[in-house]
Amino acid sequence: MAIASDIPQEHASPVSDQNGSRRDRYDHAEIEPRVRRLWDESGIYAWDAEDSDRPKWFVQSMFPYPSGDLHIGHWFAFSGGDAAARFKRMQGYNVLHPQGFDAFGLPAENAAIKGNIHPKIWTYGNIANMRKQFELMGNSYDWTREIITCDPEYYKWNQYFFLKFLENGLAYRSDGAVNWCPADQTTLANEQVKDGKCERCEAVVVKRNMPQWYFAITKYADEMLDMSGIDWPEKVVVSQENWIGRSEGVNISFDISEYGLDTKGISTFTTRIDTIYGVTFVVLSPEHPLVAELTQPEYAAVVEDYVAAAARESEIERTSAVREKTGVPTGSYCINPLNDERVPILVGDYVLATYGTGAVMGVPAHDERDFDFAKKYDLPIRVVVAPDGWSGEELEAAYIAPGVQVNSNEFDGLPSREGKEAIAEKIERNGWGERVVTYHLRDWLISRQRYWGTPIPIIYCDHCGAVPVPYEDLPVELPSDAEFQPSGRSPLVEHEEFLNAPCPKCDGPGQRETDTMDTFMDSSWYHMRYLSPGDASNPFDGGLAATWAPVDQYTGGMEHAVMHLLYARFFNRALRDIGLVDFSEPYLHLFSHGTMTTEQGRISKRSNPVTPDPLVQKYGADTLRCYLMFLGPWDKGGIWTDSGINGIRRWMHRVWDLCTRDASLLGGEDSRAENALEVASHTATKRVLEDMAAYKYNTAIASLMTYANQMADAWEDGGVSPALWRSSVKRLLLHLAPLAPHIAEELWMRDGGEFSIHSQLVPEWDESKLNVETIKIVVQVNGRVRDTITVPADAGEKEIADAALASPGAQRHTQDKQIRREIYVPGRLFNIVVG
RNA sequence: GGGGGAGUGGCGGAAUGGUAGACGCGCAUGCCUUAGGAGCAUGUGGCUGCGGCCGUGCGGGUUCGAAUCCCGCCUCCCCCACCA
């Protein structure tokens, strides 16, 4: 195909070198766009779903939010992702490597409010800009499969899945306390509250009561704890386990029948039922439904004030662990069924309404929080699990560890571990409670009171209630002429035309649901849509899904360790149970790359833009890509600085120089020089292949630099044949191709290689070619390096021992001493132990 | 409080029981140049009596040999956290 004759002559600036040949200088600005045009025109990155000769590989980088510009963090993420995809392609896989835009979300609306530009226009403008910037990177995406989640053709299927979930009991509407972000004027899922603040805007989140739509993610809590079928980083696995937060315990009921209420008692959850005999009080959360009924008249004023104050407090104040615990008595008592003791009931805001039963049994001797609380309010502290060597003295702090049951009636003397079982057993036998499993994970709240998202396809009818929009009426399109100033209600409420719709059941007057869906809905299944992005009748092609899903390799940042990755795992299970897919996990292998930051912190469009464009202009995309990958291990990230980028640029020039030399100038065929270059070649291949497979791009590049240096030495030496030189050039380029795709392609074609280098297979390495003719052996005396010797590669141990012992360095340190031991590590070192 | 990760030259980082500092940045010297914030070459952990000695956060241990394994500390980063 394209060869050197295609190169415009005006860009070819001949320079002469010390060998007298005339060659062109490396000019990234001319090469990169031209090479990309060749890729585009030939369509080499288009996915061929039909090709089943090659094994399939579905590889995907988390798609970006179209914030306006690709910043250096995007380059860091996508360079590595593209290198992985290109490498797999060159290993002979049929690769699907798509890209798209996660296009719904608040920034578009905020821009609209501020700049008086419609979110849609803002978003699509950004996408157009970012697509251009993406082009500069030269990634091997199949853009024909691009997905934009704010397209009605895409979000139609969000609505479709919502309706399916509803039919299958996986979606429901429920009233209750929800997280409310006062700045963004919308509710948030639990996962989107960090440190009591809105994950997006960092406003302090408050609680509100309102009816909202939920997905039943907790149904899969236990199943999602099993991550044995997927190869994910330990860090992410642990984060998910912690977030799901399974704990086994007992729900036990404390009797309050003396108050004649219509309830069985106060149910409390504990993981430490072995401490039940140490209960000296019970604490209700301020939101607990029994608070009002149990408060005795003389305590009412204080309790009401306390509850009201707690409601005013933000989540961040409520959940601060360092805060002093407070509470007020209700004047009521309840009875511990195990020992019939009557203990006071208090209200305390350290008890969370949303975890367990919203009430806890207070065991100050064996729980730090209860201990603090008891100390403050002078409540009795009774030890029921004795520490080792305890002889009845008062505790200085809560004793949390296991011990021996004391003050526990018939359980006295049992190790607390066994006591736990025995007591639970007794409780269940008597019907006082039961063993339960509790999770930290809450159901996924998906309603948002914002405009720029997928409308929830529900119509409320006075007669029929919440009625699903019929499938044939999808998509429920977002009206383009809504007023989107945030008001705490969805902007769609004001849009009469959207709002009013006949009930699908009775045709009576109805009103549409005006909330939109959490945008994590969009990213929960987008990978499936890549398979058939234009499909108008199905969310994805079942046949393609059967052969191509799940995603083989997924890369993205750690910030999605719980949110996106947990939702996607839930979503896939939901799809499975609806019968749309037959596998459980959406992403088989996951690699979490690190984060590029500046000294000021996270790089983002708003706070800290580092624009790659000028760097690309000056150095070229290949140089920037390699520089980012060379900075350090990909999973570590780091602080951005361009201080070393020149080194990579110099290297690119060096590679250019090496690969454009006239091999026919090489005459000699010295076996020593030939052997050295051959060993260097196979060593380089071994290292690069191993590093690329493990995403160790920094050391892969280092190995390629070493190889280039060795090639330069070989040229200098002059003792290699033209044939070996040319195969070395090819090898270097083939290894470079996934990392610096443009220059590799250009040099490959100039060398007469067939277009495209990216359709070639990576070179192999041969273990037998890793052996040099002579090897260097380190000579140690008592483990200290004293000399090195050079011996033939096939030298025997005896020969090496003699040479080592005779070496000057060894001589100096062994004379007059007794040799006690000799240790030979084949091919590496010889250690002489003297005494 | 729980979990995860890290500590190595002036800097980014290599090395997972076998020559510590690969590779690169920076720096130094030289060459080339009208010039150079360009390019090329060479050198570059510290100390040194040129034999060596010291050196991977600190203190011990195992080993012929430890950045690497074990025990005890210190520091930093990230995630989760009044989860009963």
Side-chain angles (χ1 to χ4, degrees), chain A residues 15 17-18 25 194-195 233-239 241-243 245-247 249 268-272 275 283 285 318-325 348-352 354-363 366-370 372-373 400 438-441 558-559 561-562 594-595 626-627 630-633 635-639 641-651 653-654 657 687 696 698-709 776-788 809 812-813 820-835:
Chain A
V15 290
D17 62 21
Q18 63 267 61
R25 194 181 276 276
K194 305 269 173 217
D195 284 336
E234 180 67 16
K235 230 178 154 170
V236 179
V237 168
V238 170
S239 291
E241 280 169 359
N242 289 344
W243 188 262
R246 182 182 205 272
S247 51
T268 66
F269 173 72
T270 180
T271 55
R272 290 297 305 276
T275 65
V283 190
S285 70
R318 278 283 298 274
T319 57
S320 164
V322 292
R323 202 169 76 124
E324 200 170 355
K325 292 171 181 38
D349 69 1
Y350 77 97
V351 178
L352 303 175
T354 50
Y355 186 76
T357 59
V360 300
M361 56 184 222
V363 187
H366 305 295
D367 181 280
E368 284 175 29
R369 293 150 303 180
D370 296 345
D372 292 349
F373 195 74
I400 317 293
T438 303
Y439 298 91
H440 170 239
L441 184 71
M558 266 308 286
E559 66 271 23
V562 283
T595 313
C626 285
Y627 176 61
F630 184 63
L631 275 175
D635 55 356
K636 267 185 75 183
I639 295 170
T641 160
D642 61 7
S643 67
I645 194 167
N646 230 336
I648 298 291
R649 207 248 299 247
R650 274 203 280 267
W651 183 57
H653 276 109
R654 202 170 159 78
D657 169 57
R687 287 197 188 145
K696 294 179 180 172
N698 58 328
T699 47
I701 292 170
S703 297
L704 285 176
M705 288 174 168
T706 304
Y707 184 45
N709 293 344
K776 248 169 50 177
I777 302 282
V778 169
V779 180
Q780 294 184 338
V781 178
N782 287 353
R784 290 175 166 269
V785 179
R786 298 302 182 189
D787 216 328
T788 56
R812 270 200 302 277
H813 291 87
R820 302 206 181 272
R821 214 174 139 188
E822 292 169 6
I823 294 146
Y824 176 54
V825 182
R828 304 203 82 136
L829 63 78
F830 193 88
N831 188 14
I832 303 155
V833 185
V834 297

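Note that this is a predicted model, so its numbers are computed, not measured. In what follows, chains carry the letters A, B, and so on, assigned in the order in which the sequence lines appear, proteins first and then strands, with residues in each chain numbered from 1.
- Counting all heavy atoms, side chain and backbone alike, A:Asp367 lies closest to A:Asp370 at OD1-N, 3.0 Å.
- Distance check on atom C1': B:C11 versus B:U62 gives 35 Å, rounded to whole Å.
- Within 4.0 Å (heavy atoms only), A:His366 reaches no atom of the nucleic acid at all.
- Atoms CZ and CD1, on A:Arg784 and A:Ile832 in that order, are 15.0 Å from each other to the nearest 0.5 Å.
- The same atom, C1', is picked in B:G26 and in B:C73; the two are 35 Å apart, to the nearest Å.
- Using a 4.0 Å heavy-atom criterion, one finds that A:Arg246 contacts no nucleic acid atom at all.
- Using a 4.0 Å heavy-atom criterion, one finds that A:Arg828 contacts the sugar-phosphate atoms exclusively.
- Counting non-hydrogen atoms under 4.0 angstrom, A:Gly647 reaches the backbone sugars and phosphates but no base.
- The aromatic rings of A:Tyr355 and A:Phe269 sit perpendicular to each other, their planes meeting at more than 60°, with 30° as the lower class boundary.
- Remark: P of B:A14 and CG of A:Leu704 are 16 Å apart, rounded to the nearest angstrom.
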Below 3.5 Å is the cut-off: list the nitrogen or oxygen pairs between protein and nucleotides 35-37 of chain B, distance only.
none

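- No engagement by A:Glu822 is indicated, since no non-hydrogen atom pair under 4.0 Å with the nucleic acid exists.
- For B:U42 and B:A22, the P atoms lie 15 Å apart once the distance is rounded to whole Å.
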Hey, what are the protein-to-nucleotides 26-32 of chain B N/O distances that come in under 3.5 Å?
unit_1 : atom_1 : unit_2   : atom_2 : d
B:G26  : OP2    : A:Arg650 : NH2    : 3.0

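- Atom CE of A:Met705 and atom CD1 of A:Ile648 lie 3.5 Å apart (nearest 0.5 Å).
- When the nucleotides B:A14, B:G52, B:C64 are ranked by their closest atom to the side chain of A:Asn698, B:A14 comes out on top.
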Could you spell out the base pairing of RNA chain B in dot-bracket, with Watson-Crick or G-U pairs whose two distances are under 3.5 Å, [ ] crossing and | to another strand?
-> (((((((..(((.....[....)))((((((.......))))))(((....)))..(((((..]....))))))))))))....
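- B:A67 and B:U8 are spaced 7 Å apart, taking the C1' atom of each and rounding to whole Å.
- Inter-residue side-chain proximity for A:Met361 and A:Thr275 is flagged as met; some heavy-atom pair is nearer than 4.5 Å.
- Residue contacts shown for A:Val778 include a base, since a base heavy atom lies under 4.0 Å away.
- Note on A:Trp651: nothing from the nucleic acid sits closer than 4.0 angstrom, heavy atoms only.
- Residue A:Val562 is the one, among A:Val562 and A:Gly358, whose nearest nucleotide of RNA chain B lies closer to the 5' end (criterion: closest heavy atom).
- Straight-line distance between the P atoms of B:G60 and B:G55: roughly 11 Å, to the nearest whole Å.
- With sequence neighbours left out, the side-chain contact (heavy atoms from CB on, under 4.5 Å) criterion links A:Val785 to A:Val778, A:Gln780.
- Taking atom P in both B:G65 and B:G1, one finds a spacing of 39 Å when rounded to whole Å.
- With B:A84, B:G4, B:C64 as the choices, the nucleotide that has an atom nearest any side-chain atom of A:Tyr355 turns out to be B:A84.
- B:G30 and B:G13: their C1' atoms are spaced 29 Å apart (whole Å).
- No hydrogens or angles were tested; on distance alone, a donor-acceptor pair under 3.5 Å links the side chain of A:Asn831 to the base of B:C64.
- A:Ser285 contributes a side-chain N or O that, together with a main-chain N or O of A:Gly358, makes up a donor-acceptor pair within less than 3.5 Å.
- For the side chain to side chain donor-acceptor pair (under 3.5 Å) test, residues two or more places apart in sequence or in another chain that qualify with A:Thr699 are A:Asp691.
- Within the model, atoms CZ of A:Arg821 and CG of A:Asn782 stand 11.5 Å from one another, a figure rounded to the nearest 0.5 Å.
- A:Ile639 has its CD1 atom 9 Å from the P atom of B:G12, to the nearest Å.
- Phosphate contact (OP1/OP2 of B:A84, side-chain N/O of A:Arg369, threshold under 4.0 Å): absent.
- Between A:Leu829 and A:Tyr824, the shortest heavy-atom contact is O-CD1, 3.4 Å.
- Using a 4.0 Å heavy-atom cutoff across all strands shown, A:Val825 reaches at least one base atom of the nucleic acid.
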Using the 3.5 Å cut-off, write out each protein N or O paired with an N or O of nucleotides 43-46 of chain B and the distance between them.
none

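- Within the 4.5 Å cutoff, the side chain of A:Arg369 has heavy atoms near those of the A:Lys325 side chain.
- Regarding contacts with the backbone of B:G52, a side-chain N or O of A:Arg812 is found under 4.0 angstrom from either OP1 or OP2.
- A:Asp372 comes within 4.0 angstrom of no nucleic acid atom, judged by non-hydrogen atoms across all strands.
- Among the heavy atoms of the strands lying under 4.0 Å from A:Arg784 are primed sugar atoms or P, OP1, OP2 only; no base atom is included.
- Separating the C1' atom of B:C27 from that of B:G45 is a span of 14 Å, rounded to the nearest Å.
- Using a 4.0 Å heavy-atom criterion, one finds that A:Arg654 contacts the sugar-phosphate atoms exclusively.
- Nucleic acid contact class of A:Leu631 (heavy atoms, under 4.0 Å, all strands): sugar-phosphate only.
- Contact check, A:Asn709 against B:G24: a side-chain N or O comes under 4.0 Å of OP1 or OP2.
- A side-chain donor-acceptor contact under 3.5 Å links A:Arg272 to the backbone of A:Ile400.
- Closest approach to the A:Ser239 side chain among B:G4, B:C79, B:A81 is made by B:C79 (side chain taken as heavy atoms from C-beta onward).
- By the 30° and 60° cut-offs, the orientation of the rings of A:His440 relative to A:Trp243 is perpendicular.
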